[in-house]
Amino acid sequence: MSRPPRCGRDTGRMRWSPHLEGLAANPALPAPLVDALIAGGDEEVCRCLAWRDDLSPAQVRSLAARSTDAAVCMVHRGLLRADMVDGRDERVAVALFDATGAPPQWAHALAQSPDRRIRELLAYAAHTPAEVLALLADDPDVSVVAEASLSPQMTAALADRLARHPHTRVRHALAANGATPADVLARLASAGGEPPLACPGCDGSDVPSHRWHCDGDHADALTGIQGAAAENPATPVPALIPLSHSPALWIRSAVAARPGLPQEEYARLATDPIPGVRGAVAGNPAVDEAVLRRMATDRTHDVQRRLLHNPAVPLDVLTALAATARTGPTLLPRVAAATPDELRSLARSTDPAVRMLAAHHPGLPADLVDALAGDADAKVLRAIAPDPEVSEARMRAMLTAHGTRVAGMLARNPACPADLLLRIATLRPPTKLALRETARHPGATAAALAACLADDRARPIAARHPALDPATLLTLLDDPDDDVAEAAAANPALPQAVMSALTACDPVS
């Protein structure tokens, strides 16, 4: 570097700089420098270090001792176990109950924590002992009880008790819990549970909810509970049928999206006056072919879009819709499941919108890939361009014939040759997508990456690329954009001597 690396604000450890966060994520950072960052990095640096894949057990322990946030992250990544900590940090202990489990005595202590948030997290954790969950279900704070109502450890006895809780928030959470027994969900879906509801605030608590406005009869709160039950996949179908007639359109939409309803219910919902409800039917793979065919005449955008993405839509309906509806650059589920003969039929269509559907398929036979890569329509070429089976000759012909219209998709092809990537990156006028895709391509050369630096969003991507010119990489460490400087510090091609200099950057005395 021509001058010492710049440093930033004083955090009380190392002076903060984007370089430290970049180094923390650098996969080539030597173990001694990882140790130095653990010892001196601030909270953000420690959080970045927690995502490394090369931490030793000793480094995991040291990092956990420096930063609770990093420790919680490492718990959920499976790096930090209960036998590596003493349980005194409540956030770490409760994270262990959510991820893998911990000694039961820790759960009993956490259930008595004065910190309501700790009790809430414990109530929802996946491995909280049943007896502790039952204690939390009697917590004086209704928010803790509501979290207990969402617990995946829900038992039939506890669910029955919580369905009688006077507070709406608790019953709403129970109705949303996939572990709630079917009979309890049916009760909640019909009448909101028993005894009669008390809206948040109406039961004497001071914990009102933003979700419901009480008008005296608790109707809005009941709608909220029924809606949660309608969206819960565990709610039995017989309990859903009455909800399909709900005046609340979002409840009807939730029911319309569920599998297992009688086909006559789907047919009725397919004529609902609200497009969102009809759209939910159109996207439901449980709806039979006759209903889907009738819905193909519905010109509402949401209905057509959902039909296109329904894996059960008949192929002829799909191709007819593709001619008028925009499918976007995506592989549709019905096309993904197409047979070889169906793919050939799509690829030979006279409609380029239909040929484009086939071009998105990742497992096309070689002859179809070649045929589609020689298509005259640019949107078909954009769809097939990322396929690694496209030949170099076809790629070059595409770029020559269509230039910027296909450049971005060609740069996304993992088999795109380096010289073609350079042509793409130096096209005039440049295309932003092409520069960003080139910047992240593993085969990009230093010359192509240099061209990518002209785009603000491609610049930090290119700064991380190991093929970047070394002199340019060092210059980017002093870039005025912190994201670029951080990306440069994360580049595995950064010389170790420079890494050492960055970790020693203006240390706090």
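Only heavy atoms go into these numbers, but all of them, side chains included; no hydrogens, no water, no symmetry mates.
Under the 4.0 Å criterion applied to side-chain N and carboxylate O atoms, R459 and D483 are not assigned as salt-bridge partners. R382 has no carboxylate O lying under 4.0 Å from a charged side-chain N of D377, or vice versa, which leaves the two without a salt bridge. Residues E264 and R268 are not paired through a salt bridge, judged by the lack of any N-O separation under 4.0 Å between the basic side chain and the carboxylate. Between D419 and R396 there is a salt bridge, with a side-chain nitrogen of the basic residue lying less than 4.0 Å from a carboxylate oxygen of the acidic one. The existence of a salt bridge linking D455 and R436 is confirmed by a sub-4.0 Å separation between a basic side-chain nitrogen and an acidic carboxylate oxygen. Under the 4.0 Å criterion applied to side-chain N and carboxylate O atoms, K432 and D456 are not assigned as salt-bridge partners. For E342 and R334, the salt-bridge test passes: some basic side-chain N is under 4.0 Å from an acidic carboxylate O.
Counted by atom type alone, D298 and T300 present one or more donor-acceptor pairs between their side chains at under 3.5 Å.
At most 12 non-hydrogen atoms from other residues, nucleotides or ligands lie less than 6.0 angstrom from CZ of R457. The environment of OH in Y124 is sparse: at most 12 heavy-atom neighbours from other residues, nucleotides or ligands sit within 6.0 Å.
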Exercise. Would you check, one step at a time, whether the test salt bridge (charged side-chain N to carboxylate O under 4.0 Å, His left out) holds for R47 with D69?
Key: CA-CA 6 Å; R47 284 193 287 267; D69 285 350; 2.6 Å; yes

Practice problem: Take W250 and V277 through the test side-chain contact (heavy atoms from CB on, under 4.5 Å) and record every step on the way to the result. | Solution: CA-CA 8 Å; W250 66 281; V277 178; over 6 Å; no

Exercise. Please report the C-alpha distance between L332 and H360 in whole Å, then the side-chain angles of each, then the deciding distance to 0.1 Å, and finally whether the side-chain contact (heavy atoms from CB on, under 4.5 Å) criterion is met.
Key: CA-CA 8 Å; L332 297 176; H360 284 298; over 6 Å; no

Practice problem: Could you walk me through whether R344 and D367 pass the salt bridge (charged side-chain N to carboxylate O under 4.0 Å, His left out) test, one step at a time? | Solution: CA-CA 10 Å; R344 290 189 178 279; D367 63 313; 2.7 Å; yes

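Under the 3.5 Å distance criterion, the side-chain polar atoms of H441 are matched with a main-chain donor or acceptor of N413. Using modelled atom types, one side-chain atom of Q226 and one backbone atom of A189 make a donor-acceptor pair closer than 3.5 Å. A donor-acceptor pair is defined here as one N or O able to donate and one able to accept, closer than 3.5 Å; no such pair exists between the side chain of S349 and the backbone of L346. Between the Q263 side chain and the D288 main chain, a donor and an acceptor come within less than 3.5 Å of each other. With hydrogens and angles ignored, the 3.5 Å screen pairs no side-chain donor or acceptor of E43 with any backbone N or O of S67. At distances below 3.5 Å, at least one donor-acceptor pair connects side-chain atoms of R77 with backbone N or O atoms of R52.
Of all heavy-atom pairs spanning L174 and A159, the tightest one is CD2-O, 3.5 Å.
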